[in-house]
Amino acid sequence: MSASPKGRMLGRPMKKGAPMILVRQEIGDVLRDFRLQKGRTLRQVASKASVALGYLSEVERGQKEASSEILASVAEALDTPISVIMREVGDRLAVLEGIESIVPDALPEDFAAGFDGELVSQR
């Protein structure tokens, strides 16, 4: 997954004319991307997650807000940790907001230099 959102922004302006970012839209896009990446149909995921097909479709299209319980069920149905899904959502939101990630995706090469060799895993 990459942090290149489709950038759907609708609604009332947030600051000086900037459109509101809809979190539900990004969540839906991420869920759909993961589902398609896994080669699963909407029907398969809805059935495995015990969620109504129409409701899951609306969530993927950003028309409905999913509860944390629904998101957890869908994540489990996709065999993907909810933290991975939410991180992708966060990364996409950061791109839309023009914010660079505060937490790096990788540590600098010299980071482990001060640690005992037993604590550092080899590549």
Side-chain angles (χ1 to χ4, degrees):
M1 300 265 105
S2 66
S4 57
K6 293 177 180 138
R8 294 198 192 106
M9 296 182 283
L10 305 168
R12 291 171 275 140
M14 287 176 59
K15 289 184 181 178
K16 299 185 182 185
M20 180 184 300
I21 297 169
L22 293 178
V23 176
R24 72 174 183 255
Q25 189 72 56
E26 297 308 317
I27 290 172
D29 287 346
V30 168
L31 291 175
R32 182 184 304 107
D33 289 347
F34 273 98
R35 178 177 60 76
L36 294 173
Q37 182 184 34
K38 301 256 181 188
R40 304 217 179 115
T41 66
L42 193 61
R43 185 175 305 281
Q44 289 170 328
V45 174
S47 176
K48 189 170 181 186
S50 298
V51 174
L53 177 66
Y55 183 77
L56 183 56
S57 175
E58 289 177 314
V59 168
E60 280 195 2
R61 288 181 280 137
Q63 295 176 336
K64 294 282 185 185
E65 299 272 356
S67 68
S68 58
E69 291 87 357
I70 296 289
L71 290 174
S73 293
V74 173
E76 186 175 329
L78 292 170
D79 300 317
T80 304
I82 189 72
S83 60
V84 172
I85 290 170
M86 296 312 289
R87 179 172 181 156
E88 179 66 18
V89 170
D91 288 349
R92 289 177 183 221
L93 291 172
V95 168
L96 290 172
E97 294 173 333
I99 299 172
E100 291 191 29
S101 179
I102 297 170
V103 179
D105 287 337
L107 297 174
E109 288 291 326
D110 62 341
F111 179 78
F115 291 98
D116 183 345
E118 292 179 22
L119 296 176
V120 178
S121 65
Q122 300 296 320
R123 292 184 196 182

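- The distance from atom CE of Met20 to atom CG of Leu96, rounded to the nearest 0.5 Å, is 13.5 Å.
- To the nearest 0.5 Å, atom CD of residue Gln63 and atom CG of residue Leu22 are 11.5 Å apart.
- The shortest side-chain heavy-atom distance between Arg32 and Arg61 falls under the 4.5 Å cut-off.
- Ile85 and Val23 fall within the same hydrophobic cluster, defined by Ile, Leu, Val, Met, Phe, Trp and Tyr side-chain heavy atoms under 4.5 Å apart, directly or through other members.
- In this structure, CG on Leu78 lies 8.5 Å from CZ on Phe34, to the nearest 0.5 angstrom.
- In terms of heavy-atom proximity, Leu31 sits nearest to Val74 at CD2-CG1, 4.0 Å.
- For Arg24 (side chain) and Lys64 (main-chain N/O), no donor-acceptor pair under 3.5 Å exists by modelled atom type.
- Here the CG-CE distance, from Asp91 to Met86, works out to 11.5 Å after rounding to the nearest 0.5 Å.
- Contact detail for Lys38 and Asp79: the closest heavy-atom pair is NZ-O, 3.5 Å.
- In terms of modelled atom types and a separation under 3.5 Å, the side chain of Ser57 and the main chain of Leu53 share no donor-acceptor contact.
- Separating the CD atom in Glu26 from the CD1 atom in Ile21 is a distance of 7.5 Å, to the nearest 0.5 Å.
- Transitive grouping of hydrophobic side chains (ILVMFWY, heavy atoms separated by less than 4.5 Å) brings Val84 and Ile70 into a common cluster.
- In plain terms, the two heavy atoms of Ala75 and Pro81 that are nearest each other are CB-C, 4.5 Å.
- Between Asp33 and Arg92 there is a side-chain heavy-atom pair separated by less than 4.5 Å.
- Although no hydrogens or angles enter the test, the distance criterion places no donor-acceptor pair under 3.5 Å between the side chain of Arg35 and the main chain of Glu60.
- Considering only heavy atoms from C-beta on, Leu56 comes within 4.5 Å of Val45 through its side chain.
- Other residues, nucleotides and ligands contribute only 12 or fewer heavy atoms inside 6.0 Å of the CD atom of Glu76.
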